**Q** 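First the structure, then my questions, so here it is.
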Number of protein chains: 2
Amino acid sequence: MPALERALDVIDLLASRDRDLPFSEIMHALNIPKPSLARILGLLTERGLVTKTDERGLYKLGMQLLYLGGRIESKLRLRSVARPHMEELALTTGKTIELSTLDRDQLILIDQIEGNEGVRLFTRIGSAYPYFHAIGAGKIYLAHMERNKRKEVLRKIGLPMVTKHTIANVEQLERELSDIVAKGFAFEDQELREGVRRAVAPIYDSHGKLAGCIGIASPIFSFTYEDKDDLAQVVKGAARKISADMGAATQNNG
Amino acid sequence: MPALERALDVIDLLASRDRDLPFSEIMHALNIPKPSLARILGLLTERGLVTKTDERGLYKLGMQLLYLGGRIESKLRLRSVARPHMEELALTTGKTIELSTLDRDQLILIDQIEGNEGVRLFTRIGSAYPYFHAIGAGKIYLAHMERNKRKEVLRKIGLPMVTKHTIANVEQLERELSDIVAKGFAFEDQELREGVRRAVAPIYDSHGKLAGCIGIASPIFSFTYEDKDDLAQVVKGAARKISADMGAATQNNG
DNA sequence: CCAGGAGGTCTCATATAGGATACTTAAAAT
DNA sequence: ATTTTAAGTATCCTATATGAGACCTCCTGG
């Protein structure tokens, strides 16, 4: 089904660029013959997935995608439930607040409030992180897996070094995961990105299952190692409130 | 290109239902032969636009759409700029706050904070309103058009009665539009929906062009005719702040 | 334990979507 | 004013995506 595949490629291409693209550039980038591309862009435009700007052949993503994105109800309950708590956290800490969840075995950022530190952490809503072992939320998910599943996952992705602080051996990781279970939060110390720390806490749903993670992210100059436990208490508090709002049985684990 | 067209139909179908759909239901609803649908769903699933739930053949929209939705940068600057001001409005008024803009000659709701009145106004982010003359934001857009363009638009859509309060004749509408220009806000009195009032103000960008509208919506029992001017001042204040943040020259028009 | 129903795959003849080429239009550029 | 570049349309032959039907496999209910 070349038409469909190409259409999805076009959409991905438009999503990957930060500017609108002219017909010819799409054509060359994806190696699609002109008449075919014309048909595809015509249909996508008609359906609102793509918009033509300037009436002179520049294309960009269309508003229909905003609508479709808004209609993903499943994980969006978590999102809407968490929103007010995230805002409170953002207000009290001034830091970047992130909400993530698992979807199709991928860790997805589903909401974010940028802190006032002027440091952009350039993760994008909807983007997936591949490195579970290098991310607070990923470590939390790993910590909640049964041992076998975890081993399988780790075997598949390995433990690539993302920064020089990334945990690189299984024993150390296992120790850290136990620690996470015991303390009820994860600490990420420049393991995904040099100069950025995170404190992350798990959110549970009404079945007691891990529904997602909320995290505070900040550059190291305003998130020192000493701040760790304070901020951890703060995120844990927020996570507990969100879990409660999700209908989780109130349980005291730290 | 049946594959593409059908794929888009599948996505729209999944978006239109509030539950996950089984293979067979999609098949019958859209009249797609089994192998074709299998191919389409396979590809859409692979690309993350659709997700299979429960491992037992239920389909729903996938997270990739969240990502794509988040990548619509064009109008999203307005959205992120407006967010904090919307939140402040929501906090001080307790009412539903709406942000809308024009895209492809359609009025689109691009952000929304629900009020605590328990009354759902059931408009969805990303959805388009067809009736310019029956909506605060639509009237503002009409008021900003040059006379000829406005006539053309009105000729195309007519003035259908949406509720018994909808403005139904051109003279009355023109009078109201002049009023909007003079006062710097629009009042919508159950013209789109029985029992709902709105106060809406225009937001301008750095070129002085109309960038969007911010509105306060509320059921009539907590938004009486007498509240009108107070709430108008409040939205206008917010709109002014957002315009300023958008880089508009600070101008005092009311 | 068997039957029924659903999701999903395979095969292959054939209708049809695709692409090479040529043409039209229109805006820039010389 | 003429040329060039790019978007988009039209045509039509052919490579290929499609769909009927058969088949597989798993679950569920009798």
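Not measured: the values here are computed from a predicted model.
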**Q** List in chain and number order the residues that pass side-chain contact (heavy atoms from CB on, under 4.5 Å) with B:Pro84, two or more places apart in sequence or in another chain; answer none if no residue qualifies.
**A** none
**Q** OP1, OP2 of C:dG8 versus side-chain N and O of B:Tyr59: anything below 4.0 Å?
**A** yes
**Q** Just the rounded figure in Å: distance from P of D:dA7 to NZ of A:Lys52.
**A** 10 Å
**Q** Using atom CG of A:Leu58 as one end and atom P of C:dA28 as the other, report the distance to the nearest whole Å.
**A** 11 Å
**Q** For the atom pair CG (B:Asp111) and CG (A:Leu66), what is the distance rounded to the nearest 0.5 Å?
**A** 9.0 Å
**Q** Counting only non-hydrogen atoms, which of residues 19-30 of chain B are less than 4.0 Å from DNA chain C?
**A** B:Pro22, B:Phe23, B:Ser24
**Q** According to side-chain contact (heavy atoms from CB on, under 4.5 Å), who are the partners of A:His144, at least two apart in sequence or on a separate chain?
**A** A:Ile140, A:Pro202, A:Tyr204, A:Leu210
**Q** For A:Glu171, give me all partners under side-chain contact (heavy atoms from CB on, under 4.5 Å), at least two apart in sequence or on another chain.
**A** A:Asn169, A:Arg175
**Q** So does B:Arg47 pair up with A:Asp12, basic N to acidic O under 4.0 Å?
**A** yes
**Q** What donor-acceptor contacts under 3.5 angstrom involve side-chain atoms of residues 28-39 of chain B, with partners at least two apart or in another chain?
**A**
from	atom 1	to	atom 2	distance (Å)
B:His28	ND1	B:Ser24	O	3.0

**Q** To the nearest Å, give me how far apart CG (B:Asn31) and C1' (D:dG19) are.
**A** 13 Å
**Q** Shorter than 3.5 Å, N or O on both sides, protein versus nucleotides 16-23 of chain C: list them out with atom names.
**A**
from	atom 1	to	atom 2	distance (Å)
C:dG19	OP1	A:Arg6	NH1	3.1
C:dG19	OP1	A:Arg6	NH2	2.8
C:dG19	OP2	A:Arg6	NH1	2.7
C:dG19	OP2	A:Ser36	OG	2.1
C:dG19	N7	A:Arg39	NH2	3.1

**Q** Heavy atoms only: give me the nearest B:Leu99-B:Met86 pair and the separation to one decimal.
**A** CB-SD, 3.8 Å
**Q** Rounding to an integer number of Å, can you tell me how far A:Glu46 CD sits from D:dG8 P?
**A** 14 Å
**Q** In plain terms, say whether B:Glu191 and B:Arg198 are close enough for a salt bridge, that is, a side-chain N and a carboxylate O under 4.0 Å apart.
**A** no
